[in-house]
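Since we're looking at a predicted model, the values are computed, not measured. In the text below, chain A, chain B and the rest are named by the order of the sequence lines, each starting its count at 1.
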2 protein chains.
Amino acid sequence: MPTAPDLTPQTAPVTVLGDPAFKLLADPTRAKILAFLLDPVQSCCSRSDGICGCDLETFLGVSQPTVSHHMKALVEAGLVTAEKRGRWVYYDLVPERFRTLGDALLDVARRVEDARKPSPIQLGGLPQSA
Amino acid sequence: MPTAPDLTPQTAPVTVLGDPAFKLLADPTRAKILAFLLDPVQSCCSRSDGICGCDLETFLGVSQPTVSHHMKALVEAGLVTAEKRGRWVYYDLVPERFRTLGDALLDVARRVEDARKPSPIQLGGLPQSA
DNA sequence: TCGATGGATAGATGTAGGTCAATGTGTGGT
DNA sequence: ACCACACATTGACCTACATCTATCCATCGA
């Protein structure tokens, strides 16, 4: 096993690669949660002023601690906000967070494509293969 | 524990939520791999015609089986291509895949924002809360 | 104040996954 | 034919995590 040399100081958007939030997006239960927050099934909504935890329990068909566990993770990752009003905790998506993550992925795509069609006027370094 | 009712038939872009590829983006080692493929450190590149597995081993400082393990996962997820030439396997990013995932996240962001500033002329359903 | 309801926490359990050493497979040079 | 190198596979080990039951905490209504 070799020893790692210096890390590459990547520019900002690539820094988001490795963000723990991505892991949350891969779980099927949490994916359902996010989809539900985005477009709630009315038959699962017990209240008119937002989506609360018990709605998710109904919708997902999982135990209440499981819902609580996932929501805590989503809130800590900044993907969702939680607001306690009375006995209920209301959840909402954080669009800015999704935008940040999405922009980073698009930036990766753009950079790869740009590197593959270098401008006719060679300015910078070697175009991937010398 | 309640029983789950019908699933919400989400439109296409939201379907990507839960994609296993997201999980891969969260791992720090794989994040380094992707960053390296995007912008290789020259001192870690043994060959001039692409990035091979041994370059990654050098760059990451992890064992060869670990590199192989991660690359297999990335290829199976469609994030990276692998092409064997001679003794070496050359890896490349798949920008279309990153674009698809990124677009989906931006779509989530857009939908949330659209739902929060409903047009003055109410056309569709109730704007989140009735 | 008491009970009911929504939610959080703790602990247990099973599975998934990241890493390694050891070994197998294929390719190319001598 | 042989050896060296690049990579894949196997199996072991340990950690992370998704889920559950049981229990505790907080809020509200009677």
Q) Can you tell which of dG7(C), dT27(C), dA26(D) lies closest to the side chain of Val89(A)? A) dG7(C)

Q: Check whether any side-chain nitrogen or oxygen of Ser68(B) sits under 4.0 Å from OP1 or OP2 of dC7(D), and answer yes or no.
A: no

**Q.** From dT21(D), dT19(D), dT19(C), nucleotide with atom closest to Thr66(B) side chain
**A.** dT19(C)

Q | Test side chain to side chain contact (heavy atoms under 4.5 Å, CB included) applied to Pro65(A) - qualifying residues, sequence neighbours left out | A | Ser63(A)

**Q.** Whole-Å distance separating the CG atom of Leu56(B) from the P atom of dC7(D)
**A.** 9 Å

Q.
Rounded to whole Å, how long is the line connecting atom CD of Glu83(B) with atom P of dT27(C)?
A. 14 Å

Report all interatomic pairs (protein N or O, nucleotide N or O of nucleotides 12-14 of chain C) with separations under 3.5 Å.
none

List the atom pairs, with distances to 0.1 Å, where a side-chain N or O of residues 73-83 of chain B and a protein N or O form a donor-acceptor pair under 3.5 Å, not counting sequence neighbours.
residue: Thr81(B); atom: OG1; partner: Asp92(B); partner atom: O; Å: 3.4
residue: Glu83(B); atom: OE1; partner: Arg85(B); partner atom: NH1; Å: 2.9

Q. Taking atom P of dT9(D) as reference, at what distance in whole Å does atom CD of Glu76(B) sit?
A. 9 Å

Q: Can you tell me the distance, in whole Å, between the NZ atom of Lys72(B) and the C1' atom of dA16(C)?
A: 15 Å

Q: Please determine if a side-chain N or O atom of Thr29(A) lies less than 4.0 Å away from the OP1 or OP2 oxygen of dT19(D).
A: yes

Q | Between P of dT15(C) and NZ of Lys23(B), the distance in whole Å | A | 16 Å

Q.
Once you apply a heavy-atom cut-off of 4.0 Å, does Arg47(B) come out as touching a base, just sugar-phosphate, or nothing?
A. nothing

